[in-house]
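Along the sequence shown, residues carry numbers from 1.
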Amino acid sequence: MVGLVAVADDLTGANATAGALAALGFSSVTFPAPPRAWPLADLLPDAAAISTNSRNLPPTQAADLLKQVCSGIDLAAALVAKRIDTTLRGNLAPETLALLRAVRRQRPSQRVAALVVAAHPAAGRTTRQGVQLLDGVPVSQTPAGADPLRPVTESRISRLFETTGRAAVTEVHLDQVRTGLPALATALAAAAQASDIVVVDAAADDDLANIAQAAVLAGQSPVSAPQAGSIPTGRPPALSWLAVDPGPFTAELAALALTPAAPPAGRVLVLAGSTSGQTQSQLDLLRTKRHAAIDYLDLSALPEMTPAAAAPRADSHLPDGLGDVGQRPAASSGGDTELHTEGRLTPSEAAQCCHAKSDHLVAAAVQRLARAAGGGAAILGLQATPPAGPPNATTAQATAQLLGRLATAAMAAVKPSGLYLTGGDTAAAVLQALGATGLRVHRQVLPLAMLGTLVGGPHDGLPVVTKGGLVGPATAALACVAALSQPPSLAAPPAAPAAPAATTATLAPADGPQLPLQPLLERRH
């Protein structure tokens, strides 16, 4: 059974939604027109995006066509979406209501409401106070208002539904969207019980992610006091949604509600030096949705994680198991080791012990990675934990350098087909440690997340995604790993012949300061 069915009124919209889902690793198929017989059982896609080619049809005819299309599809358990135009062109209200009635007919035991999130912030389309804006201007006052076939005469989304006289609408404004996850989930649940249509404001990608998380929470009963950050699973929802949007919100919702059926190709090694909350939430979702075996790397015990490590003193703290403060090993004539309690370690001896502790940590971490690889993990890696004290330049550099050493040791142990590096300093240190002279950039996965291949060194040509630690929605890691999991022809298309000046590459730092490299819910209910 298909996990997601999206219905669009033109092929461009169907492709846009399918593309957003494919970027997260979902197998997606687009139908340019409704087929006479649905070959979904043969194709086995995670998602099907259907174009009805109905944007310019009369409203009644468009609604009838939606009814016919849905009569041949099992919508009882699938996530269902209505793809709409970002400028509100077409038959938004009639088609949404027709699709809502079709879903309700197949889910008689659930409350089903349409959740309209019309914003596409990355494209300059936002929704404020229920009004759809294009670069801050109501869409009816933009060129969409002069469309030769279906001019947009109304910018307030709720009025498009209210004019039909058959739909109750509730608006959820931006101040409610940003009050916190529990409050937003409660507001959405209340709105869905009171209305058929819930129109929600959004002005940033983070708003879309918050609305998606709140929508999943609201689908569980009761929602009077949902716990922030927890996505309940294991029981059918009392409330389900018809997602109505241009595509980005559907992708956010699918990332939470579904798991791609196909495992990623090859093996992806994840190294995360960033300890930001944003990176944590991204990797948590990767663990949940892709069963990623990403272990935590506790660096707090390493002496170099403190500013004092920059200039070791003779009374520096020794790592556990390598001696105690105030004691140092001394060779005896019999070859045994004696402990001198009256002396202190020299700076050189302290540095040697610190290095030995780091070597032990690297070896243990690589052993854990090898066990995960031997157990069949397709996505595995290490995530640095936050330092005990406030972050500083010393700990950031030490973390990056240690992950660089780990990358070198892990290559032979796990033989990854791709690397996902999050944190600019981490990416720079890893590229240098692997002997790469540069990164050939192929495409942008997300803003400040780039897919490329290593240039030079023993791992020349290895696909890599680098991403800043403080950027991206909760689904960022999913998208980055999906980019690495695609066939080589899609993940890293060969560059067309061009003059050397047209080649895009990023040089890996040699000696000197490390530089950030930032050019770039279970399967089914």
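Sorted by first and then second residue, the pairs that involve residues 97-108 and meet salt bridge (charged side-chain N to carboxylate O under 4.0 Å, His left out), not counting sequence neighbours, are R104-D196. Each side chain to side chain donor-acceptor pair (under 3.5 Å) pair with one or both residues in residues 199-210, not counting sequence neighbours, appears once here: R178-D207.
With values rounded to the nearest 0.5 angstrom, K82 atom NZ is found 11.5 Å from L97 atom CG. Taken to the nearest 0.5 Å, the CG atom of L269 stands 7.5 Å off from the CG atom of L382. Rounded to the nearest 0.5 angstrom, Q132 CD and L88 CG are separated by 5.0 Å. Between atom CG of residue L92 and atom CD1 of residue I157 there is a gap of 7.5 Å, rounded to the nearest 0.5 Å. To the nearest 0.5 Å, atom CG of residue L271 and atom OG1 of residue T466 are 13.0 Å apart. Note: T422 OG1 to Q278 CD = 9.0 Å, rounded to the nearest 0.5 Å.
By the side chain to side chain contact (heavy atoms under 4.5 Å, CB included) test, T426 pairs with L403, V430, sequence neighbours left out. Residues passing the side chain to side chain donor-acceptor pair (under 3.5 Å) test with R111, sequence neighbours excluded: none. Q176 pairs by the side chain to side chain donor-acceptor pair (under 3.5 Å) definition with nothing, not counting sequence neighbours.
Contact detail for L134 and A123: the closest heavy-atom pair is CD1-O, 4.5 Å. Taking both residues in full, the closest heavy atoms of A202 and A119 are given as O-CB, 3.4 Å, listed atom of the first, atom of the second, then distance. Closest of all the heavy-atom pairs between S28 and A22 is OG-N, 3.7 Å. Taking all atoms of both residues into account, the shortest heavy-atom contact from P138 to T142 is O-CG2, 3.5 Å. Nearest heavy-atom pair, H120 versus T86, reported as atom, atom and distance to 0.1 Å: CB-CG2, 4.0 Å. Minimum heavy-atom separation, V198 to W241: CG2-CZ3, 4.2 Å.
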Please table the atom pairs, donor to acceptor, closer than 3.5 Å between any side-chain atom in residues 57-73 and protein atoms at least two apart or in another chain.
from: S71; atom 1: OG; to: Q68; atom 2: O; distance (Å): 2.6

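In this structure, a donor-acceptor pair under 3.5 Å is present between the side chains of Q280 and Q383.
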Practice item. Take V112 and S240 through the test side-chain contact (heavy atoms from CB on, under 4.5 Å) and record every step on the way to the result. Key: CA-CA 5 Å; V112 185; S240 62; 3.4 Å; yes

Check your understanding: Can you check side-chain contact (heavy atoms from CB on, under 4.5 Å) on F26 and L4, steps first, answer last?
Key -> CA-CA 10 Å; F26 291 97; L4 183 145; over 6 Å; no

Check your understanding: Does the side-chain contact (heavy atoms from CB on, under 4.5 Å) test come out yes or no for S195 and V169, once each step is laid out?
Key -> CA-CA 5 Å; S195 305; V169 184; 5.6 Å; no

Practice item. Under the side-chain contact (heavy atoms from CB on, under 4.5 Å) rule, what do T127 and V200 come out as? Steps first, then yes or no, please. Key: CA-CA 8 Å; T127 311; V200 188; over 6 Å; no

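Listed for the N53 side chain is a donor-acceptor partner under 3.5 Å among the backbone atoms of P32. Looking only at distances, a side-chain donor or acceptor of R150 sits under 3.5 Å from a matching main-chain atom of R55.
Relative to the ring axis of Y296, R287 places its NZ or CZ within 45° and under 6.0 Å from the centre.
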